[in-house]
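First the structure, in the form of structure tokens, and then the observations on it.
Heavy-atom basis, side chains included; hydrogens, waters and symmetry copies ignored. Every chain is numbered from 1, with letters handed out A, B, ... down the list of sequences.
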There are 2 protein chains.
Amino acid sequence: MVRRRQAVTIKHVAADAGVSLQTVSRVINKEPNVRPQMQERVQASIDKLGYVPSRAAQRMSGSRSYLILALNDRERTIADWRARQGSDWVDQMLLGGMLKCAEYGYRMMFELVDTHNDHVERELSAAITALQPDGVILTPPHSDNPLIVNLLDKHNIPFARIGSAGWAVGIPLTMGDEQAGKDATQHLIDLGHEKVAFISGPDEYILSSWRRAGWQCAMGNAGLAIDGLIANGDFSFESGRIAAEQLLGKTDRPTAILASNDQMAMACLEVAREKGLVVPDDLSVVSFDNTPIVALTDPPLTAVDQPIAETTSRAVELIIAAKNGNRTPDGPIIVPAGFVERGSTAAPPRG
Amino acid sequence: MVRRRQAVTIKHVAADAGVSLQTVSRVINKEPNVRPQMQERVQASIDKLGYVPSRAAQRMSGSRSYLILALNDRERTIADWRARQGSDWVDQMLLGGMLKCAEYGYRMMFELVDTHNDHVERELSAAITALQPDGVILTPPHSDNPLIVNLLDKHNIPFARIGSAGWAVGIPLTMGDEQAGKDATQHLIDLGHEKVAFISGPDEYILSSWRRAGWQCAMGNAGLAIDGLIANGDFSFESGRIAAEQLLGKTDRPTAILASNDQMAMACLEVAREKGLVVPDDLSVVSFDNTPIVALTDPPLTAVDQPIAETTSRAVELIIAAKNGNRTPDGPIIVPAGFVERGSTAAPPRG
DNA sequence: GTGAAAGCGCTAACAA
DNA sequence: TTGTTAGCGCTTTCAC
């Protein structure tokens, strides 16, 4: 195996520009105390020689790694990948995260971590020690895992917590789930629906409760009862089926269902079809997330759009800002959800 | 900002075990010349102290970076992400690549590179210098970009070329496109079709010609004419529309179409519908790639399945093997495509 | 504002 | 088989 040495190092640049290593280092890192003239001369040498600093060496000498680690739940992520149902959560994170990282000379790396596992800490510690990332992005359900959050806090690594709002550590970001749930429900109420049912997500995800709260709030504001209009799911298609059957099996069935994610909404579509209900004539359905698949169902689903790319992009910005010593905003950052109206919603049936 | 030092270094382990740094290093790297007893003692200290080597330091001292870089075409990848049409190319690469990397203590990192750009070389050189990856995975159309291939060869970095077969550099891997094209065509012929048309991909992708060759071969073997049965596309939906209109506009129209990717096949579905043709009764359609979306079209598309995860996984294995000094296999590696029969194929209309 | 020296954590090369 | 020494490329002190 060939022992590979850096072709052009800071030394070559220093020699070429006739300055000390230190000055070159200062120019690379855009430090203040360098005369413009000096900086130009060094920059010229850098460009001429095509010098690019070694991240490993920078990291070694106690500076940054220019690396941000994005953590996702191993089990769920792999299951999504294998299922090949078009969930593009990871892609949207990459889209928002990688591009924003690139703007700052950073890079993003993905890492899968088991939540349901007593060695989360060991797993994550190892990754941090090996990689020494400058920041970490947590996604649900990790964002609210106290083991993970405390570990990161202890290590003093800036970290974002997507889909999380509480605690005084890290940088929480949400899509305003409660408001989104409220708006979606209100949209159905505005169409004339009075019996708007809700299928919740698992309690493990804190955003499940927010979405429910939004629905509940809109219903309450409109003076509508919610008795018997809630069913519990766990984000899986199958749980959505069970919930939908429970909801639509009653004589006094709801005229609209707001499901906490796409899979469960698709299950509603299937159950409705089996029961001879036409969507949206007999039943309106709205989902959360808006993964690519919901534009292709029959009918296409009206959905709350989760702005993953934008949220990840903000997370990267805030992590780098924190790394640069800027204060982290006080409250949680809200990157508002969107709402895409498609064919699964209409006025309720008359009578 | 806190200056972060490694909590547990090789020194601590050495002290704890009462051995030299070098011995610890040998244990970490599973080198042979260490007495079992010694190795156990050191390993015990490692476990006790929770030591994990710093990748940066390992890289700095001339060893590996334990990093494999996966290169994708910037323009196309970002377009796919933004389009949100459920293309899971990146996800499948991650699935196959990350998991295999993890087995060997490696990590995979994604990087986007412009092909149509005179500074590909500068761009890629910078990434290589900054990151010092132990290997690189090239995807189409990069796999056949001479600038990229030569650069990697010159740097002496093991690299895989997915979707490529030629040249004596790097590790070429294909899904056996020609065979897949042949099989798909044969499948249609077996159903009774005689006029099987083909929509090609852009010439920029070498696999376009392989897929075409497979179709041509099957048609030839069956003694069927191909005049007027080929149309050129560029993988875009719109180009697929144009090709389909050209093909289906004739009086003597084909009874089946094999499209070189999913988007163009979907365009065929749309054009057929506009012309009042029922798929699969009046027209059979088969696509290449089998992205998640094609299971949801109306009717669902019969498709050649591109084994991206498996191919990426093999690529990682071979790169690491090469890094370990093993000889690279001679011919191109073939990870055979699959074939998924769905509702878009049937016997041709009687007539 | 600029430079010189020390050291980050690890491994290659050499010595014992 | 094990230990010692000398860096890798860079940034952090700390002088000047």
Side-chain angles (χ1 to χ4, degrees), chain A residues 1-42 46 49 51-67 105 126 128-132 134, chain B residues 1-42 46 49-67 105 126 128-132 134 323:
Chain A
M1 200 166 58
V2 187
R3 183 177 158 87
R4 230 174 324 114
R5 303 253 281 263
Q6 198 102 331
V8 181
T9 72
I10 201 171
K11 273 189 193 159
H12 299 111
V13 178
D16 185 82
V19 298
S20 71
L21 301 184
Q22 198 41 257
T23 303
V24 178
S25 174
R26 289 190 179 107
V27 171
I28 297 167
N29 296 296
K30 299 193 178 61
E31 278 169 32
N33 303 332
V34 180
R35 255 182 307 176
Q37 180 193 349
M38 200 82 280
Q39 113 90 27
E40 271 173 42
R41 200 165 90 208
V42 173
I46 289 176
L49 302 176
Y51 167 72
V52 178
S54 152
R55 294 305 189 207
Q58 291 185 307
R59 172 63 256 179
M60 272 302 292
S61 58
S63 174
R64 4 194 118 184
S65 60
Y66 293 95
L67 214 209
I128 289 175
T129 313
L131 263 18
Q132 321 249 85
D134 284 342
Chain B
M1 201 163 60
V2 188
R3 184 179 157 85
R4 228 174 327 114
R5 302 251 280 266
Q6 197 103 330
V8 181
T9 73
I10 201 172
K11 273 190 195 161
H12 300 109
V13 177
D16 185 82
V19 298
S20 73
L21 301 185
Q22 195 48 32
T23 302
V24 179
S25 173
R26 289 193 179 104
V27 172
I28 297 167
N29 296 295
K30 300 192 177 62
E31 278 169 33
N33 303 333
V34 181
R35 251 182 309 176
Q37 179 191 353
M38 202 75 290
Q39 113 88 27
E40 270 173 40
R41 200 164 92 209
V42 173
I46 289 177
L49 302 175
Y51 167 73
V52 177
S54 152
R55 294 305 188 206
Q58 291 185 307
R59 173 62 255 178
M60 273 302 292
S61 60
S63 174
R64 3 194 119 183
S65 60
Y66 293 94
L67 214 207
I128 289 175
T129 313
L131 264 18
Q132 321 249 86
D134 285 342
K323 191 78 193 171

A/Met60 CE to C/dG7 C1', in whole Å, measures 9 Å
Close N or O pairs between protein and nucleotides 14-16 of chain D (under 3.5 Å):
none

Among the nucleotides C/dG9, D/dT1, C/dT2, whichever has the atom closest to the side chain of B/Arg35 is D/dT1
Between CD of B/Gln6 and C1' of C/dG7 the distance, given in whole Å, is 14 Å
C/dC10 phosphate, OP1 or OP2, under 4.0 Å from B/Tyr51 side-chain N/O
yes
Quick note, B/Asn33 side chain, CB onward, closest among C/dG9, D/dC10, D/dT1 is D/dT1
Please output the side-chain donor-acceptor pairs of residues 32-42 of chain B that fall under 3.5 Å, not counting sequence neighbours, one pair per line with the distance.
unit_1	atom_1	unit_2	atom_2	d
B/Arg41	NE	B/Ala17	O	3.0
B/Arg41	NH2	B/Ala17	O	3.0

Closest heavy-atom pair, B/Ile28 versus B/Gln58, reported as atoms and distance to 0.1 Å, is CG2-NE2, 4.2 Å
- Closer than 4.0 Å, any side-chain N/O of B/Gln58 to the OP1 or OP2 of C/dT11? yes
dist A/Ile128:CD1 -> A/Ser65:OG (nearest 0.5 Å) comes out at 11.0 Å
Whole-Å distance, A/Leu131 CG to C/dG9 P, equals 16 Å
ring-ring contact (aromatic ring centres under 6.0 Å, His included) filter on B/Tyr51, not counting sequence neighbours, yields none
Atom CD of A/Gln132 and atom P of D/dT11 are separated, to the nearest Å, by 15 Å
Nearest heavy-atom approach of A/Leu21 to A/Ala14 is CD2-CB, 3.8 Å
In short, the helix from C/dG1-D/dC16 to C/dA16-D/dT1 is bent end to end, axes from five pairs each side, to 10°, by 30°
**OP:** Give a yes/no answer on whether the side chain of A/Ser25 brings an N or O atom under 4.0 Å of OP1 or OP2 in D/dT11.
**Re:** yes
Rounded to whole Å, the NZ-P distance (B/Lys11 to D/dG3) equals 16 Å
Next item on the list: Taking the side chain as every heavy atom from C-beta outward, state whether A/Gln132 and A/Leu67 have any pair of such atoms under 4.5 Å apart.
Entry: no
Closest to the side chain of B/Ser63, out of C/dT11, C/dC8, D/dT11, is C/dT11
On a heavy-atom basis, the closest approach of B/Ala56 and A/Arg59 is CB-CG, 3.8 Å
Against the side chain of B/Thr9, the closest entry in C/dC10, D/dG9, C/dT2 is C/dC10
Between CZ of B/Arg55 and C1' of D/dC8 the distance, given in whole Å, is 17 Å
Hits for side-chain hydrogen bond (donor to acceptor under 3.5 Å, both in side chains) against B/Thr129, two or more places apart or cross-chain, chain-then-number order -> none
Whichever of B/Gln39 and B/Ala57 has the more 5' nearest nucleotide on DNA chain D, that residue is B/Gln39
Contacts of B/Ser54 meeting side-chain hydrogen bond (donor to acceptor under 3.5 Å, both in side chains) (sequence neighbours excluded), chain-then-number -> none
Whichever of A/Glu31 and A/Ala7 has the more 5' nearest nucleotide on DNA chain D, that residue is A/Ala7
Separation of C/dG7 atom P from B/Ile10 atom CD1, nearest Å, is 19 Å
Ordered by number, residues from residues 15-23 of chain B within less than 4.0 Å of DNA chain C (heavy atoms) are B/Gln22
Contacts of B/Gln22 meeting side chain to side chain contact (heavy atoms under 4.5 Å, CB included) (sequence neighbours excluded), chain-then-number -> B/Ser20, B/Ser25, B/Arg26
When rounded to whole Å, the CG to C1' distance for the pair B/Asn29 and D/dT2 reads 16 Å
> OP1, OP2 of C/dC10 versus side-chain N and O of B/Arg59: anything below 4.0 Å?
Replying inline: no
When rounded to the nearest 0.5 Å, the distance separating CD1 of A/Ile10 from CG of A/Leu49 is 12.0 Å
